[in-house]
Q: 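Structure in structure tokens, see below.
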Amino acid sequence: MLRRLLPTLIALLLGFIGLAWGLGSLQRIFAAERDDAQASLDSRREALEQYARASLAQSLRDRLEAARPALEAAALDPLAPATGLYLRERGTQLLPRLALHDTGEDTPAKARYAGLRAGTERADEVEDPWAERLALIREVDRALSRGDRRASTVALMALLQHRSQYVLASTRDVPGFLVVLESLVERGDPVPQLMHALVRDGLADGRSGRLDGLQRLLLLRRARFTKEDFDFLRERIVALSSKAGVPVTDFEARAAELAPEPLPLPRALPGPSLVRAGWYLEPRGGNHVRGVAVDAGALLQSLTREMRERGLLEADGQVRLLADAEVLPLEALPLSVDTPEWARAQGALEARYRLKTGMVAACAVLALGIAALAFVAQQRKLRFLELKSDFVATVSHELRTPLASIRLLAETLEWRLAEGTDARDYPARIVREADGLGFLVENLLSFNRIDKGRWAPKLEPVRLDELVALLRRDLESWSKVPVELAADVGDCSLRADGQLLRLLLSNLARNACAYNTRSPVRLRIEALPDGRVRFSDNGVGIPQAQWERAFEEFVRLPGQGHDAPGSGLGLALCRRIMRVHGGTLRVAASSPEGTTFELRFPHTVTT
């Protein structure tokens with residue numbers, strides 16, 4: 001059979017190769033389409049992200065550029081506000097301003113101020129600049145005590161000139177200058193503009209320099225004082241400013257803003273960067289860094305609104321900042337532009353690709369199924385031809401045997417009658433052979449009619465004991481071996497076609513006789529509840545692996561010790577008869593001691 005199937009196998013193989021090539025090419029086309037659509041979607045997303053990145057970077061630069069004048073002013077003027085500004089030079093943070101107070105436990109400025117107010121302050125050396133400064137301070141105090149406006153003015157100018165010539169320790173200079181200005185406010189009649197300059201703005205020193213006002217002086221030299229000295233002097237300067245009518249709000253605010261520690265910002269930057277702590281920083285060579293405080297969330301919301309207004313984003317689109325790094329270089333800000341439109345487009349793209357891939361897979365499975373069906377059909381066709389050939393040979397042999405026997409018996413009968421010899425058993429033998437031939441023909445015709453669906457059973461009540469009686473008479477007429485038939489059927493009646501049931505029982509009985517090596521052959525028919533009938537014999541049995549195969553058409557199981565006669569249609573015809581009645585036929589048990597068949601009928605009239 002394999003040689004006959006070889007052309008079919010070759011054709012199927014070539015078809016598979018062509019189909020696989022075609023489906024593979026189609027799948028590659030689908031994959032290329034998916035990749036192109038994905039690339040287009042990614043390209044659009046990347047373009048929007050680049051736009052968002054450039055817009056955010058420009059916003060940060062604009063923020064710093066807008067803050068540049070305030071940054072430069074705060075770097076020069078300690079009274080200028082520095083909130084949200086950052087400046088670092090040579091590794092030292094200048095903005096926001098740091099307290100940087102002296103860590104000592106003494107309070108020399110406070111003690112010197114007390115000594116000056118009490119008149120007990122003395123210089124260590126006569127020629128010390130501090131001794132000269134003390135003399136000038138006392139001169140101003142004496143002129144104010146006399147009420148000599150001109151003398152006090154001259155003494156004050158001399159004091160200011162000495163301050164411009166000599167830079168004394170801050171713990172001496174600031175308390176001394178504070179005492180002079182307090183005396184001037186308390187006992188003199190100072191010019192408001194002059195007082196404003198001395199307390200706050202400062203004066204030109206005549207040498208292209210400037211003498212800082214008292215407020216600025218304390219803020220600039222804050223590192224020279226301990227925390228207690230600084231707080232003491234700040235309180236005295238605030239009181240002085242209030243008496244002199246000099247603005248003091250910004251001075252107090254700057255003093256309160258002094259930070260105890262530098263901001264925890266990175267020391268090294270790869271370039272203009274956004275720091276997640278809330279700062280935008282730009283290095284300017286060396287250790288010079290400037291920056292401005294920013295609210296990244298507010299900037300992203302503003303950018304999102306702008307892109308929505310431009311039609312670049314849907315109403316529910318969003319620009320988000322990704323990554324967890326502390327420092328984000330401006331040139332590579334990890335921005336993500338998310339919009340449900342892309343999610344829907346991505347989902348539709350994947351759905352289309354899965355659908356196309358599924359269609360390709362379905363085509364492949366369908367082709368495999370068709371090929372398998374074609375192969376099975378061809379195999380069944382060849383098998384059918386073999387079975388048909390075997391059946392024709394078997395039936396020819398089965399028909400030739402009884403015909404030859406009949407002819408031989410008839411010729412012998414004729415010869416014996418002519419010779420006057422006794423030939424009484426020859427007519428019975430001829431009838432038996434003719435009955436066997438007729439039974440074979442009846443099996444063939446019945447199988448063909450049932451298989452083609454041309455037999456409409458006549459269902460009517462049939463008594464099982466009557467069928468057993470007919471079977472017993474048939475066995476007596478054609479059986480060549482002794483047969484003992486026992487029945488336990490009671491009054492069981494079945495709604496069935498009597499002719500078909502008689503044919504079914506005859507086939508079971510003939511098979512029991514054919515596949516049997518014992519004498520006598522024992523048969524038993526038993527009616528059970530629920531429309532079941534069991535037919536048992538003492539034959540050679542059927543191997544369990546062959547129970548179902550025994551009911552296939554043209555299948556003949558070998559007997560024990562000899563080849564059993566028959567066409568291979570007996571059990572197949574029996575099962576078809578039961579199906580015509582809507583029932584079943586199966587092997588209930590089988591062993592070398594015999595076989596039991598169980599017939600189940602759907603309709604039982606009485607038992």
Side-chain angles (χ1 to χ4, degrees), residues 67 69-104 106-110 112-113 116 133 159-160 163-164 166-182 184-185 193-205 209-263 290-291 293:
L71 189 66
E72 293 175 351
L76 298 175
D77 185 0
L79 290 176
T83 304
L85 302 177
Y86 183 82
L87 181 63
R88 187 172 70 212
E89 292 183 353
R90 293 183 294 277
T92 301
Q93 175 181 310
L94 301 182
L95 299 176
R97 300 181 182 93
L98 300 175
L100 302 176
H101 297 306
D102 188 354
T103 58
D106 296 334
T107 57
K110 184 177 181 180
R112 189 157 286 118
Y113 172 84
L116 289 171
R133 179 72 58 85
L159 176 63
L160 293 177
R163 288 190 69 238
S164 67
Y166 296 98
V167 179
L168 300 181
S170 299
T171 54
R172 293 179 175 180
D173 182 48
V174 175
F177 193 36
L178 174 60
V179 169
V180 171
L181 294 182
E182 285 179 341
L184 186 62
V185 171
Q193 292 80 2
L194 176 63
M195 201 64 193
H196 190 284
L198 294 176
V199 174
R200 178 180 175 86
D201 295 334
L203 292 171
D205 62 0
R210 190 174 186 83
L211 292 173
D212 290 311
L214 195 57
Q215 292 181 1
R216 286 186 171 84
L217 186 63
L218 180 64
L219 292 175
L220 287 173
R221 298 185 182 180
R222 60 188 179 277
R224 305 292 189 271
F225 303 99
T226 63
K227 180 68 168 55
E228 186 176 349
D229 273 350
F230 179 82
D231 292 339
F232 172 77
L233 294 174
R234 178 178 60 81
E235 292 174 358
R236 301 308 306 166
I237 293 174
V238 169
L240 173 64
S241 301
S242 299
K243 292 179 181 179
V246 177
V248 74
T249 304
D250 51 354
F251 170 70
E252 290 188 294
R254 300 297 87 78
E257 290 171 358
L258 296 176
E261 298 291 339
L263 291 177
R290 66 178 188 174

Q: Under the ring-ring contact (aromatic ring centres under 6.0 Å, His included) test, which residues partner F177, sequence neighbours left out?
A: none

Q: Would you please name every residue forming a side chain to side chain contact (heavy atoms under 4.5 Å, CB included) with E228, sequence neighbours left out?
A: T107, K110, T226

Q: Please report the interatomic distance CZ(R290) to CG(L85), rounded to the nearest 0.5 Å.
A: 11.0 Å

Q: Can you give me the closest heavy-atom contact between L95 and Q93, atom names plus distance?
A: O-CG, 3.5 Å

Q: L258: what forms a side chain to side chain contact (heavy atoms under 4.5 Å, CB included) with it, not counting sequence neighbours?
A: R97, A99, R222, F230

Q: Which residues satisfy the side chain to side chain donor-acceptor pair (under 3.5 Å) test with S241, sequence neighbours excluded?
A: Q215

Q: How long is the span from the CG atom in D77 to the CG atom in L220, to the nearest 0.5 Å?
A: 8.5 Å

Q: Minimum heavy-atom separation for L116 to G176, with atom names?
A: CD1-CA, 3.4 Å

Q: Distance check, rounded to the nearest 0.5 Å: L214 atom CG versus L219 atom CG?
A: 10.0 Å

Q: Sequence neighbours excluded, which residues qualify as salt bridge (Lys or Arg N to Asp or Glu O under 4.0 Å) partners of R224?
A: none

Q: Under the side chain to side chain donor-acceptor pair (under 3.5 Å) test, which residues partner R163, sequence neighbours left out?
A: D173

Q: Apply side-chain contact (heavy atoms from CB on, under 4.5 Å) to the pair L160 and L198, showing each step before the final yes or no.
A: CA-CA 10 Å; L160 293 177; L198 294 176; 3.9 Å; yes

Q: Answer whether the closest heavy-atom distance between the side chains of P262 and L98 falls below 4.5 Å.
A: yes

Q: Taking all atoms of both residues into account, what is the closest heavy-atom pair of P78 and R254, and its distance?
A: O-CG, 3.4 Å

Q: Run the side chain to side chain donor-acceptor pair (under 3.5 Å) test against K243 and tell me which residues pass, sequence neighbours left out.
A: none

Q: Only pairs under 3.5 Å count here: list side-chain donor-acceptor contacts from residues 232-239, not counting sequence neighbours, and write none if there are none.
A:
residue : atom : partner : partner atom : Å
R236    : NE   : Y113    : OH           : 3.4
R236    : NE   : E182    : OE2          : 3.4
R236    : NH2  : E182    : OE2          : 3.4

Q: With sequence neighbours left out, write down each residue that passes side chain to side chain donor-acceptor pair (under 3.5 Å) with E72, or none if nothing qualifies.
A: R68

Q: Pairs in or reaching into residues 235-262: which pass ring-ring contact (aromatic ring centres under 6.0 Å, His included), with residues at least two apart or in two chains?
A: none

Q: Determine, for D231 against K227, whether the closest basic-nitrogen to carboxylate-oxygen distance falls under 4.0 angstrom.
A: yes

Q: Shortest non-hydrogen contact from A80 to A74?
A: CB-CA, 3.8 Å

Q: Output all residues satisfying side chain to side chain contact (heavy atoms under 4.5 Å, CB included) with D106, sequence neighbours left out; order by chain, then residue number.
A: P108

Q: Please name the pair of heavy atoms, one in A109 and one in D229, separated by the smallest distance, quoted to 0.1 Å.
A: N-OD2, 3.0 Å

Q: Could you tell me whether the side chain of R133 reaches within less than 4.5 Å of the side chain of L159, counting heavy atoms only?
A: yes

Q: Residues two or more places apart in sequence or in another chain: which of them pass side chain to side chain contact (heavy atoms under 4.5 Å, CB included) with P247?
A: H196, R200

Q: Kindly compute the distance separating CD (E257) from CG (D250), expressed to the nearest 0.5 Å.
A: 10.0 Å

Q: Are L194 and L203 close enough that some pair of their side-chain heavy atoms sits under 4.5 Å apart?
A: yes

Q: Would you name the heavy atoms of T171 and R112 that are closest together and state the gap between them?
A: O-NH1, 3.3 Å

Q: Once you round to the nearest 0.5 Å, how far does CG of L240 lie from CG of L184?
A: 9.0 Å

